Protein chains: 2
Amino acid sequence: MSSFKTIEWKDDRVLMIDQRKLPSEEVYFECLTYEEVAWAIKNMVIRGAPAIGVASAMGIALGAIKSKRKDKVEFLAELKEISTIISKTRPTAVNLFWAVRRMMDLVEENKNNDIDSIKAGLVDEAKKIYEEDIEICRRIGRVGNQLINDGAVVLTHCNAGALATAGYGTALGVVRAAVEDGKNIRVIATETRPLLQGARLTAWELDKDGIPVTLITDNMAGYVMSKGMVDAVIVGADRIASNGDVANKIGTYSLSVLAKFHKIPFYVAAPISTIDYNCSSGGLIPIEERDIKEVTHILGNKITPDVKVLNPAFDITPNENISSIITEKGIARAPFIESLRALVH
Amino acid sequence: MSSFKTIEWKDDRVLMIDQRKLPSEEVYFECLTYEEVAWAIKNMVIRGAPAIGVASAMGIALGAIKSKRKDKVEFLAELKEISTIISKTRPTAVNLFWAVRRMMDLVEENKNNDIDSIKAGLVDEAKKIYEEDIEICRRIGRVGNQLINDGAVVLTHCNAGALATAGYGTALGVVRAAVEDGKNIRVIATETRPLLQGARLTAWELDKDGIPVTLITDNMAGYVMSKGMVDAVIVGADRIASNGDVANKIGTYSLSVLAKFHKIPFYVAAPISTIDYNCSSGGLIPIEERDIKEVTHILGNKITPDVKVLNPAFDITPNENISSIITEKGIARAPFIESLRALVH
């Protein structure tokens, strides 16, 4: 288990480690209202698809308990509005919509109960999603561990670690499980421009937990692969289409091409809740374009003249570049359309 | 021609636009001694293989005219020492050694002349190397222009522009020549971590000269290629082995693999002086490892915890990933061992 808390429900507040400030400051961001949770998701105080799912659920629970409505119809209408606002924070990670739906399905099931009982049910459900996420990540880790040899060097991109989940990680969950199994594992972390989640978050959490990590800039990935320094690439996912195409942090696609060229296995580790069975291919996944200041400024300093800038937050890795998708229910391999469906039937 | 001066010999001083400070400040770094020139090369006040060649020649000329030796033997010994110091500034760009050798060959030819005449000869030679570099870049541009269609989008890495040469550019020289030929050309510049030469220098010089440029982070290269947004990749070179393997800024190798995968032509533009005919393959080219602070700090701010970091300044692109090498004497294509030799015979 990691030695810090990514997100926590405490005394009717939601606490999140402020990921914008790591690694220079380890401070917690306190949300007293659902609006603050929505702001935190949008502004990446918390990020990572499973962590966003947990935060969304806690946001709805927080909105519910802070509601002053005495009238059931008005209370249910307010919950609907809260869920809509939470849903509009970020477009790509499907775990957000999955968690919102799960919370609102619970509301629907209990709509004949009294308001206090609905509130209590939502808080319990959010805590359950949190607990389940940790257990699911541990299972992903155990499943993925089978694919990792003792002595392996794993290259990862962005942060699919404890900080991206309730607390164990998906891609880094596989690394943690292999380390717990007694294997000697080293990680190469790509810094992951523009927001430097690799340099700031992955390097920080692995270092904190005593797992050896070497940082590289994104453009060194081909170099380290060509030198035989990488045994496997493992990344997380923000959304997986039913055909196995994967939306993940910008740069994942380039890494998948480089891994294929160097005959290095390319694994995606994610919970089943990241699979969007209603989405038939990666081309249909909405890709968030973020503020170009993320590229033009680093830590508040402008690094470039005023020119045109692209800033897609994600890209799509086609299924043919993926060796396996590691989930808590087992490993899916090509043809993914069948193997991903088999995981849930 | 570009609208600024990268390097200039003026009143027995060497002036360089300070490339560490662009684009936020446009200031000139003044060298009164050859030691200052050596410092400027080492610390990347000036960078880019052809520009380093010009700076080295001017450094030797500056050392010569500032020498107080009256004894010929002592004067020649001092010149030898100056050339050794200049040679040790950076290891990869072969233009540096080429320029030093050219200057010292001149000394050898004129060793029976008087000291003042040798000094005057060295200043003339340095100015000649400068003038020739501009003319060579213009020729590279005209040669490369044949490969570029009207309306093309050219992706380039790092800065192989006016700032990397005496004043027209190699890769960007091809772009400038195509624009001067009336073609509508747009450039995608990779920001080029760690030192951000793409974001700071390429974006700046193209914008200044009115050539449309779009900035991306290094890890977006695969994304833009997969979207069909790139018609050709053109990069410079720090050293080219006789078999066509190319040492260039870290990240070039990854781009070459991505270009090959997407069937996009990958061109290297460089003067003949960048070809090291004594080096039979890329594996023999020394790769400079630079201070890890270049990765861990951006504009003086630390972005990462204290973990292991790699910082190779260059990588090797094997000849099989290169469509053509564009030089002032024509275009070389596979098999490069013959085509590169044919350029000089």
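Predicted, not measured: the structure shown is a model, and the values here were computed from it. Side chains are part of it too, since the values below use all heavy atoms of this structure and drop only hydrogens, waters and symmetry mates. Each chain gets a letter, A, B and so on, in the order the sequences are listed, and its residues count up from 1.
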Note to self: Between B/T190 and B/T156 (side chain of the first, backbone of the second, donor and acceptor by atom type, cut-off under 3.5 Å), is there such a pair?
What the structure shows: yes
Next item on the list: For chain A, find which of B/I216, B/L22, B/L201, B/L299 contributes the most heavy-atom pairs closer than 4.5 angstrom.
Entry: B/L299
Notebook entry, point to check: For chain A, which of B/D218, B/I292, B/L255, B/T252 has the most heavy-atom pairs under 4.5 Å?
Noted result: B/D218
Checklist line | Sorted by number, residues from residues 224-241 of chain A in contact with chain B (heavy atoms, under 4.5 Å) | finding: A/V224, A/S226, A/M229
Checklist line | Contact leader toward chain B among A/V295, A/N311, A/I316, A/T304, where contacts are heavy-atom pairs under 4.5 Å | finding: A/T304
Check: Any cation-pi pair here, A/K208 with A/F4, using under 6.0 Å and within 45°?
Finding: no
Next item on the list: Identify which part of B/D306 has an atom lying under 4.5 Å from any heavy atom of chain A, answering side chain, backbone, both or neither.
Entry: backbone
Check: Has A/R290 got more than 12 heavy atoms of other residues, nucleotides or ligands less than 6.0 Å from its CZ?
Finding: yes
Margin query: Evaluate A/N159 against A/R47 for side-chain hydrogen bond (donor to acceptor under 3.5 Å, both in side chains), listing each step before the verdict.
Written below: CA-CA 9 Å; A/N159 175 267; A/R47 27 63 53 201; 3.1 Å; yes
Checklist line | Flag, side chain of B/T192 to backbone of B/C158, donor-acceptor distance under 3.5 Å | finding: yes
Margin query: Quick test of your reading of the model: are A/E205 and A/R176 salt-bridged, counting only N-O distances below 4.0 Å?
Written below: yes
Item checked: Contacting region of B/K260 [heavy-atom separation from chain A under 4.5 Å] -> side chain
Checklist line | Choice from B/I303, B/L206, B/V213 maximising heavy atom contacts with chain A below 4.5 Å | finding: B/I303
Note to self: So for B/L196, is it side chain, backbone, both, or neither that comes closer than 4.5 Å to the heavy atoms of chain A?
What the structure shows: side chain
Item checked: Heavy-atom pairs under 4.5 Å with chain B, option from A/P194, A/S254, A/G198, A/S256 with the top count -> A/S254
Check: Ring centres of B/Y223 and B/H262 under 6.0 Å apart?
Finding: no
Check: Which residue out of B/T214, B/I188, B/T217 racks up the most heavy-atom pairs below 4.5 Å with chain A?
Finding: B/T214
Check: Is the backbone of A/G282 close enough, under 3.5 Å, to the side chain of A/D245 for a donor and an acceptor to pair up by distance?
Finding: yes
Notebook entry, point to check: Atom CH2 in A/W204, atom CD in A/Q197: separation rounded to 0.5 Å?
Noted result: 14.5 Å
Checklist line | N/O donor-acceptor pair under 3.5 Å between B/D315 side chain and B/G251 backbone | finding: yes
Note to self: I'd like to know which of A/R200, A/M220, A/H157, A/K249 tops the heavy-atom pair count under 4.5 Å against chain B.
What the structure shows: A/M220
Notebook entry, point to check: Would you find a donor on one side and an acceptor on the other, under 3.5 Å apart, between the side chain of B/N219 and the backbone of A/R193?
Noted result: yes
Check: Checking B/S24 against chain A: side chain, backbone, both or neither under 4.5 Å from a heavy atom?
Finding: neither
Note to self: Looking at chain B, which one of A/A221, A/G222, A/P305 has the largest number of heavy-atom pairs inside 4.5 Å, strictly under?
What the structure shows: A/P305
Next item on the list: Could you grab the distance from atom CG of B/N248 to atom CD1 of B/I322, nearest 0.5 Å is fine?
Entry: 9.5 Å
